[in-house]
Amino acid sequence: GYLDLLRRRWNKRRVHCNVVYNEYIQDKDHVHMNATRWTALTGFVLWLGKQGICEVDQTEKGWFVKYIERDPEAMRRAEERARREKHEMNDTARNLRWVEEQVRLAKENETEEQEPVVALQRENPEDPENKISFALPVKRI
């Protein structure tokens, strides 16, 4: 009842315990608090905290609960997500190191003296020996 509603509607979110209870008692087949071993909602909420089912904290506005997910399938998905994020972080770090190495190599090459770039020019452009010619073989059928 109460835990199912807390798990399904407010999964992993902190919510006032009376909000959950008010929605729970709207169901016509709900179990009254008088029919349980707890005489008040506060006792039930404190028991949930002691059992480790929920995180419970008290503020000046009242008691707040947050459901702790213990489902094996959900825990497996969370572990898979964490492993995937770690792998992506490793890839990101590896790429960052590669980029830093490339930048370092580029800076080293800049500091070395390089010959000035000179445009290519022919000495005698009219000379027949300096002319470029292309000859493609003709295939006869």
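Positions are given from 1 along the sequence. Scope of the values below: all heavy atoms of this structure, side chains included, with no hydrogens, waters or symmetry mates. From a predicted model like this one, the values you see are computed outputs, not experimental measurements.
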Participant: Would you say Trp38 and Ile53 are hydrophobically clustered, going by side-chain heavy atoms of ILVMFWY under 4.5 Å?
Facilitator: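 Looking at the clustering, Ile53 is in the same group as Trp38.
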Participant: Any ion pair linking Arg83 and Glu80 (charged N to carboxylate O, less than 4.0 Å)?
Facilitator: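 Yes, charged N to carboxylate O under 4.0 Å.
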Participant: Report yes or no: do Phe44 and Phe64 belong to one cluster of Ile/Leu/Val/Met/Phe/Trp/Tyr joined by side chain heavy-atom distances under 4.5 Å?
Facilitator: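 Looking at the clustering, Phe64 is in a separate group from Phe44.
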Participant: For Asp27 and His30, which heavy atoms make the closest approach, and how far apart are they?
Facilitator: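 Heavy atoms of Asp27 and His30 come nearest at O-ND1, 2.7 Å.
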Participant: Please report the shortest heavy-atom distance between Lys12 and Lys66, naming the atom on each side.
Facilitator: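 The answer is O-CE, 3.4 Å.
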Participant: Taking Val31's backbone N and O only, do any of them form a donor-acceptor pair with Tyr24's side chain (distance below 3.5 Å, no angle check)?
Facilitator: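 Checking the backbone N and O of Val31 against the side chain of Tyr24, a donor-acceptor pair under 3.5 Å is found.
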Participant: Grab the two heavy atoms, one from Leu6 and one from Cys54, that are nearest each other, plus how far apart they are.
Facilitator: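 For Leu6 and Cys54, the tightest heavy-atom pair comes out as CD2-SG, 3.5 Å.
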Participant: Determine, step by step, whether Val65 and Tyr2 satisfy the side-chain contact (heavy atoms from CB on, under 4.5 Å) criterion, reporting the C-alpha distance in whole Å, the side-chain angles of both residues, the deciding distance to 0.1 Å, and the verdict.
Facilitator: CA-CA 12 Å; Val65 293; Tyr2 185 89; 4.3 Å; yes
Participant: Please find the pair of heavy atoms, one from Asn18 and one from Leu41, that lie closest to each other, and give the distance.
Facilitator: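 That would be OD1-CD2, 3.0 Å.
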Participant: To the nearest 0.5 Å, tell me how far Arg104 CZ sits from Glu100 CD.
Facilitator: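 Reported to 0.5 Å precision, the distance equals 10.5 Å.
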Participant: What about Trp98 and Leu105, same hydrophobic cluster or not, with Ile/Leu/Val/Met/Phe/Trp/Tyr joined at side-chain heavy-atom distances under 4.5 Å?
Facilitator: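 Not linked; separate clusters.
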Participant: Check the hydrophobic clustering (I, L, V, M, F, W, Y; side-chain heavy atoms under 4.5 Å; chains of links allowed) and say if Ile68 and Leu46 are grouped together.
Facilitator: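 No, Ile68 does not connect to Leu46 through the hydrophobic network.
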Participant: Distance from Leu96 atom CG to Glu101 atom CD, nearest 0.5 Å?
Facilitator: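 Answer rounded to 0.5 Å: 12.0 Å.
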Participant: About how many Å separate CH2 of Trp47 and OG1 of Thr36, when rounded to the nearest 0.5 Å?
Facilitator: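 Here the interatomic distance stands at 10.5 Å.
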Participant: Tell me, with the steps shown, if Arg14 and Asp57 meet salt bridge (charged side-chain N to carboxylate O under 4.0 Å, His left out).
Facilitator: CA-CA 9 Å; Arg14 185 176 171 262; Asp57 61 324; 3.1 Å; yes
Participant: Identify the heavy atoms of His16 and Lys61 that sit nearest to each other, and give their distance.
Facilitator: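 The pair with the smallest heavy-atom distance is NE2-O, 2.9 Å.
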Participant: Does a side-chain N-to-carboxylate-O contact under 4.0 Å join Arg9 and Glu23?
Facilitator: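 The answer is yes: the pair qualifies as a salt bridge.
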Participant: Going from CH2 on Trp63 to CD on Gln58, what distance comes out if it is rounded to the nearest 0.5 angstrom?
Facilitator: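 Taking CH2 in Trp63 and CD in Gln58, the distance rounds to 4.0 Å.
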Participant: For the pair Glu73 and Arg76, evaluate salt bridge (charged side-chain N to carboxylate O under 4.0 Å, His left out) and give the outcome as yes or no after the intermediate values.
Facilitator: CA-CA 5 Å; Glu73 182 65 23; Arg76 185 194 59 76; 2.5 Å; yes
Participant: Is any side-chain heavy atom of Arg84 closer than 4.5 Å to one of His87?
Facilitator: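 Counting from C-beta outward, His87 and Arg84 never come under 4.5 Å.
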